[in-house]
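Below is one structure, written out as structure tokens; comments come after it.
In this text, all values refer to a predicted model and were calculated from it rather than measured experimentally. Counting begins at 1 with the first residue of the sequence. Note that these values count all heavy atoms, side chains included, but never hydrogens, waters or copies made by symmetry.
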Amino acid sequence: MSSRPSRNPGPWRVSTPGRVCLFGEHQDYLDLPVISAAISLRLGIEGRLRPDLHVRVIAPDISKEFGFDLDATPDWVGERFGLGAVGWRKFLINGVEALRKEGLTFSTGFDCTIRGDIPIRGGTSSSSAMVVSWIGLLSQMSDQERALSPDECALLAHRAEVVMAGGVGGQMDQYATAIGGLLFQSFFPETRIEALPARLGKFVLGDSLAQKDTQAILAKTKTRVLDIVTSVRGRHPDFSLHTVHPSEVDHFLEEHAAGDRNFIRATLRNRDITREGYELLKKAEPDARALGEMLNEQQSILGGALEISTPKIDGMIDAALRAGAAGCKINGSGGGGCMFAYAPDTAEAVAAAITALGGEAYVITVDAGTRNEPTGGPD
């Protein structure tokens, strides 16, 4: 089956940024607020129509290629490509199915190439950037030639990457990368996405070059906190992570071990730091020292009670602080991957310090969300 004669064969190109989580790490899957920042490292997908129903995807950055046919059943595709174990291919096929459920159709296949400079499996949402770009690209290459809004891209990307894939994450990554900029994201009692006006200047992203198992780390941390909450609600039905004060933990968790109580206190302090960060970042020119101190306190929680930091990342953070960073924290689920330093005046010195410890450093700024790009342009 071929495309309609009137169709533009392409190419089209969509790019999407990675992200850092300034405040609220390990909070979005609890429906607690987070503050995200899209970063000036991006992933782009370029595509053009084919005269048949085949889809061919090339990812030169990781030396991977795969394909599937649009008229194949999901069961056949899953059996052929082992999608239970191969995340990125599963996400792309899920994206096609998610768009079909929205009424979009594909009477022709396409050739696509994925390129980007976001660290892979580093906690900077390279997979979400890929899925958001894919959703935005495919919608325009569909028979309906539909251009989706960033919010629509975020929701459909979350459906493809998390819901349909059986993942354990929240919605922060998809909104952060699709909408871009500096965002306050709240998910209870309803979703609220608010752009923040703060002008922050330079950060340094430090990749420890130690890849991590994001889903395993998220599942472990999420399961622990939800098991505690379920147990507490058996005795105190009104207990809520949204409203409980840290001073009430001993009362509500009187039958729990000290480790559980400390874990919940850390979760609540993480929640409250996020709220304090929101107030700070509502200012166009926030106090850099205050922001740095809040990042450092959050890192003490993530590396302490939540136990998601690593010795190498701790060393990179210490080096960045000695080089003049205002504040630092691990980024993403933890257990490897990246950290970042807020260094509006000392970015180059901080980057050098991270590199000297064997990390890979990127000087970054807050960037825009997903967008259509001129074809043939830079990634």
Subject >> From CA spacing to verdict: side-chain contact (heavy atoms from CB on, under 4.5 Å), Leu241, Arg271 >> reply: CA-CA 9 Å; Leu241 293 176; Arg271 175 202 69 187; 5.6 Å; no
**OP:** Decide side-chain contact (heavy atoms from CB on, under 4.5 Å) for Phe23 and Leu295; before the verdict, give the C-alpha distance in whole Å, the side-chain angles of both, and the deciding distance to 0.1 Å.
**Re:** CA-CA 7 Å; Phe23 298 107; Leu295 291 173; 3.9 Å; yes
**OP:** Could you walk me through whether Leu226 and Tyr29 pass the side-chain contact (heavy atoms from CB on, under 4.5 Å) test, one step at a time?
**Re:** CA-CA 10 Å; Leu226 292 181; Tyr29 57 68; 6.0 Å; no
Original post:
Is there a side-chain hydrogen bond (donor to acceptor under 3.5 Å, both in side chains) between His242 and Ser240 once you walk through the steps?
Top reply: CA-CA 5 Å; His242 299 281; Ser240 170; 4.8 Å; no
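Taking 4.5 Å as the limit, some side-chain heavy atom of Lys329 sits within range of a side-chain heavy atom of Phe340. Between Glu161 and Asn94, the closest side-chain pair of non-hydrogen atoms is not below 4.5 Å. Looking only at side-chain heavy atoms (C-beta outward), Val57 and Trp134 come within less than 4.5 Å of each other. When side chains are defined from C-beta on, Ile114 does not count as touching Lys64, because their heavy atoms never get closer than 4.5 Å. You'll find the side chain of Tyr175 reaches within 4.5 Å of the side chain of Asp151, heavy atoms only. Taking 4.5 Å as the limit, some side-chain heavy atom of His256 sits within range of a side-chain heavy atom of Val232. Using a 4.5 Å heavy-atom threshold, the side chains of Leu137 and Arg13 count as separate. Contact check for Tyr342 versus Leu291: side-chain heavy atoms found under the 4.5 Å cut-off.
In terms of modelled atom types and a separation under 3.5 Å, the side chain of Asn296 and the main chain of Cys328 share a donor-acceptor contact. Not a single donor-acceptor pair under 3.5 Å links the side chain of Arg115 to the backbone N or O of Pro60. A donor-acceptor pair is defined here as one N or O able to donate and one able to accept, closer than 3.5 Å; such a pair exists between the side chain of Thr274 and the backbone of Gly24. Under the 3.5 Å distance criterion, the side-chain polar atoms of Glu97 are left unmatched by any main-chain donor or acceptor of Ala160. Judged by distance alone, the side chain of Ser208 and the main-chain N or O of Gly337 form a donor-acceptor pair under 3.5 Å. In this structure a side-chain-to-backbone donor-acceptor pair under 3.5 Å is missing from Asp111 to Arg50.
Residues Ile179 and Leu155 share a single hydrophobic cluster, defined by chaining ILVMFWY side chains whose heavy atoms lie under 4.5 Å apart.
Looking at residues two or more places apart in sequence or on another chain, you find a salt bridge (charged side-chain N to carboxylate O under 4.0 Å, His left out) between Arg146 and Glu152. For Arg275, the salt bridge (charged side-chain N to carboxylate O under 4.0 Å, His left out) criterion is met by Asp272, not counting sequence neighbours.
Looking at Arg269 and Glu276, a side-chain N of the basic residue comes within less than 4.0 Å of a carboxylate O on the acidic one, giving a salt bridge. Using a 4.0 Å cut-off between charged nitrogen and carboxylate oxygen, Arg371 and Glu373 count as a salt-bridge pair.
Using a 30° and 60° split on the angle between ring planes, His251 and His236 fall in the tilted class, from 30° to 60°.
Legend: ring pair (Phe, Tyr, Trp, His ring centres under 6.0 Å) pairs involving residues 289-310, not counting sequence neighbours: none detected.
Between the side chains of Ser36 and Gln185, at least one donor N or O sits under 3.5 Å from an acceptor N or O.
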